[in-house]
Each structure stands twice: as structure tokens, then as C-alpha cells.
Amino acid sequence: MIMEAIEALNDKNGSNKTTIAKQIESTQQTLPPSHTTLLSYHLNQMKKTGQLLMVKNNYMKPDPHAPPKRGRGRPPKLKTQAESAASAAAATVSADPPRSRGRPPKQRDPSEISIEPPKESGSGRPRGRPPKRPRTDSDKVVAPEPATGERRGRGRPPKVKPTVVAAVGC
């Protein structure tokens, strides 16, 4: 319907959305109440696919002799026939499942299965920190009590300044 309306209007600068909507309303007897939103949606879709061009808020049919519009960014590198044939053959031959992430595990030889327990270190001691032993009465340290009876105050004691003695001179 949109293409028919644009062809019927036949404007060289294209047709805007309101003229296309009026043309469709005049040709069609029954239209849904959401006609304007549907028209906007389909005009945008046709613009994205290249069926319509938009110039200064006017929609027009693209020139059939114009070169195709390029997308954004650098175009892909052209493949030679040998490369395309090799990639097609590789795609059909490889039926392996996709590889998992990460480093693959080492290949193990099934004939070299060892049942030996792992060796301990050369010193004969087990690995890691030794377990904590419970204290006994003989292990308790008794702090000596001060003999002077003078109690220390809390915190760092003040710095003692040396007394300056004047030299008796010559």
C-alpha cells in the first residue's frame, strides 16, 4: 500500500508521511485505528531495508540505476576462490564439538596409572603449619612483680631530657 501511494503521488522530491497517509486513507475504505503508528513503523522498516530513501523528511523510491548504499565501517576483505573453497571444505569436515574454555588438560597415558601415595618433602616433616598444642601448667610464664611498688602510668613514658652542665672554663 505504501509503495502504491508513493507511485500514485509521483512527486519528484518524494512524499512526506502525512501525504502518504492521506493517499492511503482515500484509496482504502477500512483502516485500523492504529493506522498512523503502523504506517510509521513500516516506513522505518522499508527505509532500513533500502526499499525507500528518505531525503529532507520525504520518502521516495530509490533509483534503480544508483550504486548500492555502503554500510558503515571498512568493507570486508574479498576472498579468493581457493580460500572460499578451503573454508567450505573445512566447515564440512570438522564435526568436532566446540572446544571448552581455558587450557586443555594434559593427556594421560592409561598404561601409566600409579597407585603410590604422594611423597612427603625431603625433611620428613608434614606440610603446613603444625597444630596448636594445649598449654600445661609448666608452660605458663609468671611475670615478676616490681620490687619498688611504684606503679607505672598508662601509655608511653615522657622523654627524659639530659641536664646541661656548663663547662668550667679556662
Side-chain angles (χ1 to χ4, degrees), residues 1-25 27-28 30-141 156:
M1 287 194 299
I2 295 172
M3 295 301 271
E4 292 171 2
I6 292 173
E7 288 172 1
L9 291 167
N10 198 18
D11 190 3
K12 68 173 188 163
N13 293 331
S15 307
N16 62 12
K17 195 185 301 185
T18 55
T19 56
I20 293 171
K22 286 179 183 176
Q23 177 67 26
I24 292 174
E25 288 170 4
T27 57
Q28 301 293 325
T30 57
L31 289 173
S34 61
H35 168 68
T36 55
T37 56
L38 286 170
L39 179 67
S40 298
Y41 173 78
H42 286 289
L43 283 171
N44 283 332
Q45 290 298 321
M46 292 172 83
K47 184 174 67 170
K48 284 180 186 174
T49 58
Q51 294 174 334
L52 290 178
L53 288 177
M54 186 172 187
V55 179
K56 297 182 183 176
N57 271 352
N58 290 335
Y59 294 93
M60 61 177 67
K61 289 175 64 176
D63 185 19
H65 302 295
K69 187 176 178 185
R70 276 190 49 212
R72 292 176 52 180
R74 186 180 179 125
K77 197 173 187 181
L78 296 175
K79 289 186 176 180
T80 62
Q81 290 183 356
E83 289 176 352
S84 61
S87 65
T92 57
V93 170
S94 68
D96 295 334
R99 291 181 11 186
S100 62
R101 294 176 56 191
R103 185 180 181 136
K106 286 185 175 180
Q107 295 293 329
R108 294 194 59 148
D109 191 16
S111 63
E112 293 183 16
I113 298 176
S114 64
I115 308 175
E116 299 175 12
K119 289 184 182 179
E120 292 186 14
S121 63
S123 66
R125 291 181 161 197
R127 289 175 46 196
R129 186 182 178 119
K132 202 171 191 181
R133 295 182 300 151
R135 285 191 162 208
T136 60
D137 290 335
S138 62
D139 290 343
K140 291 184 182 175
V141 177
R156 186 180 182 116

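Just so you know, these numbers come straight off a predicted model, no measurement behind them.
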How many angstroms lie between atom [atom1] of [X] and atom [atom2] of [Y], to the nearest 0.5 angstrom?
X: Asn13; Y: Lys56; atom1: CG; atom2: NZ; result: 8.0 Å
X: Gln23; Y: Ile20; atom1: CD; atom2: CD1; result: 9.5 Å
X: Thr36; Y: Ile24; atom1: OG1; atom2: CD1; result: 11.5 Å
X: Met54; Y: Asn44; atom1: CE; atom2: CG; result: 8.0 Å
X: His42; Y: Met1; atom1: NE2; atom2: CE; result: 8.0 Å
X: Asn57; Y: Ser15; atom1: CG; atom2: OG; result: 12.5 Å

Item to check | For the student: nearest non-hydrogen atoms of Pro62 and Gly50, plus distance | outcome: CG-O, 3.6 Å
Checklist entry - Leu38 and Pro32: which non-hydrogen atoms are nearest, and at how many Å? => result CD1-CG, 4.0 Å
Checklist outcome for this item: So salt bridge (charged side-chain N to carboxylate O under 4.0 Å, His left out) across residues 1-20, not counting sequence neighbours, yields Glu7-Lys61
Checklist outcome for this item: The single option from Leu53, Thr19, Leu52 that satisfies side-chain contact (heavy atoms from CB on, under 4.5 Å) with Tyr59 is Leu52
Checklist entry - Are Gln28 and His35 side-chain neighbours, meaning at least one heavy-atom pair lies under 4.5 Å? => result no
